[in-house]
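Here the structure is a predicted model, which is why all the values come from computation and not from measurement. The basis for the numbers below is simple: all heavy atoms, side chains too, and nothing from hydrogens, waters or symmetry mates.
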Amino acid sequence: MAGTNNFSVSRYAPDRGAWGRLTARDSMVRRLDWPLLFSSVALSVIGSLLVWSATRNRTELTQGDPYAFLIRHVLNTGIGIALMIGTIWLGHRTLRGAVPVLYGLSVVLVLLVLTPLGATINGAHAWIVIGGGFSLQPSEFVKVTIILGMAMLLAAKVDAGDQLHPDHRTVAKSLGLAVLPMAIVMLMPDLGSVMVMVVIVLGVLLASGASNRWIFGLIGAGLVGAALVAALGVLDQYQINRFAAFANPELDPAGAGYNTNQARIAIGSGGLYGAGLFNGHQTTGQFVPEQQTDFIFTVAGEELGFIGGATIIALLGVVLWRACRIARETTELYGTIVAAGIIAWFAFQSFENIGMTLGIMPVAGLPLPFVSYGGSSMFAVWVAIGLLQSIRVQRPLAA
């Protein structure tokens with residue numbers, strides 16, 4: 001059955017007890033990808049320390065409580081891990097049947113951002129304020145539903161044995177499914193999230209075995225679309241200024257180029273070992289804006305130095321390596337596509353976030369997975385880890 005797991009407690013002998021059920025070769029605990037889990041948790045722990053360092057002196061944000069953002073970050077991580085456990089328990093195959101509902105809900109949520117319920121935070125009109133200091137960024141969950149929706153369509157006939165590769169009609173349907181929420185997110189406009197979604201779509205299509213004509217066609221369409229977006233004035237002025245500052249950092253050092261310049265100063269001042277946690281002058285002096293979210297890597301660079309920054313990159317590398325292994329070892333196209341979409345998402349978003357702090361990528365307002373402060377982002381990435389773990393857990397055991 002597509003919605004059932006490949007492990008079952010009924011297979012165990014009754015005299016093995018709880019420990020035997022947990023440690024058996026085909027138990028869920030034994031089949032989890034522990035390096036993937038440990039690396040994700042380690043990134044969240046490091047992120048908690050960096051968020052604490054970046055916000056403990058920000059009285060205008062914390063209302064005098066230096067632990068406010070630390071507590072929220074830890075709480076968000078705990079909720080995210082609970083969502084991961086729930087995702088593993090349900091299984092990616094069970095969620096396959098719920099994709100229409102999840103997709104419809106995500107589209108409704110991003111549409112609500114365009115209503116009076118939407119709010120502008122940090123220059124982006126991409127949020128729904130819930131109250132009590134909490135807000136929701138629906139575009140983070142759209143990343144998950146695009147992956148699941150496209151995987152469901154592209155893998156249906158292949159996994160059933162009716163086709164070797166998705167046909168052109170199926171590919172067109174999957175692209176239509178992705179384009180609708182992407183267009184809504186673009187209207188906000190949340191250019192950073194759209195960039196991630198475009199990369200996700202390309203990664204999904206590559207993993208599905210779709211014709212290369214679609215890949216090259218999409219790349220060409222993307223270039224034309226970018227030119228049209230610039231020509232029609234879809235982007236807000238601050239987004240145009242960011243690209244201009246990326247092309248020429250000295251163009252407006254006190255304006256659009258300020259964030260990048262300060263970020264590079266902070267990272268460069270860290271040297272090999274860093275100034276020590278809580279001892280960064282750029283961080284304590286609050287010279288880098290949004291340091292707890294988009295520019296969290298500057299805290300690592302300044303206070304933990306090259307070694308700390310390299311550790312974060314290495315842990316992200318382990319996450320991507322284990323995800324690639326899961327994608328390669330699964331026997332169903334659906335699982336391969338889901339894993340590939342997550343790999344594309346994590347890889348590009350990590351590269352963009354770290355790259356913009358180093359001045360090699362334009363500022364796009366994307367959080368660093370697991371590390372940056374933000375509930376919606378944290379929930380989404382842990383759901384993605386749950387999907388990866390489910391794909392691994394439910395793969396057939398070797399004889």
Atom of [X], atom of [Y] and distance for their closest heavy-atom approach:
| X | Y | answer |
| --- | --- | --- |
| His168 | Ser211 | CE1-CB, 3.9 Å |
| Pro100 | Met152 | CD-SD, 4.4 Å |
| Asp294 | Gly365 | OD2-CA, 3.3 Å |
| Ile391 | Ala339 | CD1-N, 4.1 Å |
| Gly341 | Val204 | CA-CG2, 3.9 Å |
| Leu333 | Ala207 | CD1-O, 3.7 Å |

Flag, side chain of [X] to backbone of [Y], donor-acceptor distance under 3.5 Å:
| X | Y | result |
| --- | --- | --- |
| Asp167 | Thr170 | yes |
| Thr330 | Ala327 | no |
| Thr115 | Leu112 | yes |
| Ser377 | Tyr373 | no |

Let me confirm one number: the [atom1]-[atom2] distance from [X] to [Y], rounded to the nearest 0.5 Å.
| X | Y | atom1 | atom2 | result |
| --- | --- | --- | --- | --- |
| Leu175 | Ile146 | CG | CD1 | 10.5 Å |
| Leu368 | Leu316 | CG | CG | 5.5 Å |
| Gln262 | Gln291 | CD | CD | 10.0 Å |
| Phe297 | Ser372 | CZ | OG | 11.0 Å |
| Leu154 | Lys173 | CG | NZ | 11.5 Å |
| Ile200 | Ile342 | CD1 | CD1 | 9.0 Å |

Problem - side chain to side chain donor-acceptor pair (under 3.5 Å) against Trp382, all qualifying residues, sequence neighbours excluded - result: none
Exercise for the section: Look at the rings of Phe370 and Phe346 and say which category their plane angle falls in: under 30° parallel, 30 to 60° tilted, over 60° perpendicular. Expected result: perpendicular
Exercise for the section: Return the orientation label for the Tyr67 and Trp52 ring planes: parallel under 30°, perpendicular over 60°, tilted otherwise. Expected result: tilted
Exercise for the section: Step by step, work out the side-chain contact (heavy atoms from CB on, under 4.5 Å) result for Met186 and Leu191. Expected result: CA-CA 6 Å; Met186 193 65 207; Leu191 181 60; 3.9 Å; yes
Handout entry: Pair Leu180-Tyr103, side-chain contact (heavy atoms from CB on, under 4.5 Å): steps then yes or no
Key = CA-CA 11 Å; Leu180 174 60; Tyr103 176 81; 3.7 Å; yes
Heavy-atom distance under 4.5 Å between the side chains of [X] and [Y], does that happen here?
| X | Y | answer |
| --- | --- | --- |
| His165 | Val158 | no |
| Leu366 | Met356 | no |
| Val51 | Leu70 | no |
| Met182 | Val201 | yes |
| Leu75 | Ile79 | yes |
| Gln349 | Lys143 | yes |
| Leu50 | Ile312 | yes |
| Glu140 | Pro367 | yes |

Problem - side-chain hydrogen bond (donor to acceptor under 3.5 Å, both in side chains): pairs with one or both residues in residues 74-87, sequence neighbours excluded - result: none
Handout entry: Selection residues 299-324 - residue pairs positive for side-chain hydrogen bond (donor to acceptor under 3.5 Å, both in side chains), sequence neighbours left out
Key = Asp33-Arg322, Ser53-Glu303, Thr283-Glu302
Determine, using the 4.5 Å side-chain heavy-atom cutoff (strictly less than), whether [X] and [Y] are members of one ILVMFWY cluster.
| X | Y | result |
| --- | --- | --- |
| Leu315 | Phe306 | no |
| Ile313 | Val318 | no |
| Ile265 | Leu304 | no |
| Phe379 | Leu90 | yes |
| Leu105 | Leu117 | yes |

Handout entry: salt_bridge(Asp159, Arg93) N-O dist < 4.0 Å
Key = no
Problem - Residue of the set Leu148, Thr145, Ile184 for which side-chain contact (heavy atoms from CB on, under 4.5 Å) holds with Ser106 - result: Thr145
Exercise for the section: Dump the intermediate steps for side-chain contact (heavy atoms from CB on, under 4.5 Å) on Leu136 and Phe141, then the final yes or no. Expected result: CA-CA 10 Å; Leu136 186 71; Phe141 304 105; 3.3 Å; yes
Exercise for the section: Report the C-alpha separation of Val338 and His92 in whole Å, then their side-chain angles, then the decisive distance to 0.1 Å, and conclude whether the side-chain contact (heavy atoms from CB on, under 4.5 Å) test is met. Expected result: CA-CA 9 Å; Val338 171; His92 68 290; 5.7 Å; no
Problem - Heavy-atom neighbours of Phe278 CZ exceed 12 at 6.0 Å - result: yes
Problem - Heavy atoms from other residues, nucleotides or ligands near CG of Leu223 exceed 12 (cutoff 6.0 Å) - result: yes
